[in-house]
Amino acid sequence: APASPPPVPLADLTTGQERDGLVIGHWRDKAFVDIGAYRQARRNGTAPVAAMVKLKAGRKGKNGRRVYPRPPQGSRVRVTVQRVDLASGRLRAVLPPPPPP
């Protein structure tokens with residue numbers, strides 16, 4: 001399995017920062033990317049924080065629903081940090097725009 005990105009505290013991430021990450025899951029129109037971020041947890045521990053990436057809607061599928069082009073699970077992606085919420089331990093990021101055809 002590809003190695004995880006180097007760990008970084010959530011508080012050290014800034015908006016606009018680029019990080020290499022690993023796609024660890026999908027849910028509806030979102031992808032979750034491990035960029036090595038972690039937050040302080042109870043009892044002096046730490047907890048990993050995955051970046052949530054909203055996927056742009058692609059073409060409409062057969063059933064009329066939007067198809068979201070998903071980066072394959074386990075693939076490496078480069079994301080840009082969009083918002084860091086320290087209070088809730090959440091992290092939002094965006095994928096770079098696709099290359100022009």
Side-chain angles (χ1 to χ4, degrees):
S4 281
V8 58
L10 194 58
D12 286 5
L13 291 171
T14 52
T15 303
Q17 190 177 352
E18 289 194 348
R19 297 275 302 176
D20 285 318
L22 203 58
V23 179
I24 54 172
H26 300 107
W27 187 76
R28 294 194 179 166
D29 62 340
K30 300 173 185 72
F32 296 93
V33 181
D34 173 13
I35 60 171
Y38 64 89
R39 62 180 171 82
Q40 294 305 310
R42 293 191 187 93
R43 296 198 197 94
N44 303 332
T46 58
V49 178
M52 190 192 85
V53 176
K54 249 183 117 76
L55 301 170
K56 298 246 191 304
R59 58 189 175 72
K60 282 201 168 148
K62 286 193 201 77
N63 55 7
R65 285 209 187 118
R66 288 266 175 219
V67 174
Y68 295 92
R70 294 174 162 187
Q73 194 150 338
S75 65
R76 289 200 160 287
V77 291
R78 190 169 189 92
V79 298
T80 304
V81 175
Q82 186 185 31
R83 201 171 83 209
V84 178
D85 187 348
L86 290 175
S88 63
R90 289 207 180 110
L91 175 56
R92 290 188 67 157
V94 289
L95 287 169

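Computed from a prediction, not measured in an experiment: that's the story for all the values here. Quick note: residue numbers are just sequence positions, from 1. Because only heavy atoms are used, hydrogens play no part in the values below, and waters and symmetry mates are left out as well, while side chains stay in.
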> Quick one, Phe32 and Met52 - any side-chain contact, counting heavy atoms below 4.5 Å?
yes
> Residues two or more places apart in sequence or in another chain: which of them pass salt bridge (Lys or Arg N to Asp or Glu O under 4.0 Å) with Asp85?
none
> When clusters are formed by joining ILVMFWY residues with side-chain heavy atoms under 4.5 Å apart, either directly or through shared neighbours, do Ile24 and Val33 land in the same one?
no
> I want to check something: taking the side chain as every heavy atom from C-beta on, are Val81 and Leu91 in contact at a cut-off of under 4.5 Å?
yes
> So, for Ala37 and Leu13, which heavy atoms are closest and what is the spacing to 0.1 Å?
CB-CD1, 3.8 Å
> Of all residues at least two apart in sequence or in a different chain, which pass the salt bridge (Lys or Arg N to Asp or Glu O under 4.0 Å) check with Lys54?
Asp29
> So for atom CZ, which belongs to Arg90, do other residues, nucleotides or ligands contribute more than 12 heavy atoms lying within a distance under 6.0 Å?
no
> Do Leu55 and Lys30 make a side-chain contact, defined as non-hydrogen atoms from C-beta onward lying under 4.5 Å apart?
no
> Restricting to salt bridge (Lys or Arg N to Asp or Glu O under 4.0 Å), what partner residues turn up for Arg83, sequence neighbours left out?
none
> Could you check if a side-chain atom of Val77 sits within less than 4.5 angstrom of a side-chain atom of Val53, using non-hydrogen atoms only?
no
> Looking at CG of Leu22 and CZ of Arg76, how far apart are the two atoms once the value is rounded to the nearest 0.5 Å?
5.5 Å
> Looking only at non-hydrogen atoms, find the nearest pair between Leu95 and Pro71 and report the distance.
CD1-CG, 4.3 Å
> Could you check if a side-chain atom of Pro9 sits within less than 4.5 angstrom of a side-chain atom of Gln40, using non-hydrogen atoms only?
no
> With rounding to the nearest 0.5 angstrom, report the CZ to OG distance, Arg39 to Ser88.
9.0 Å
> Any non-hydrogen side-chain atom of Glu18 less than 4.5 Å from a side-chain atom of Val79?
no
> Measure the CD1-CZ distance between Ile35 and Arg78 for me, rounded to the nearest 0.5 Å.
11.0 Å
> Looking at His26 and Ala31, what are the two nearest heavy atoms and their distance?
CD2-CB, 3.8 Å
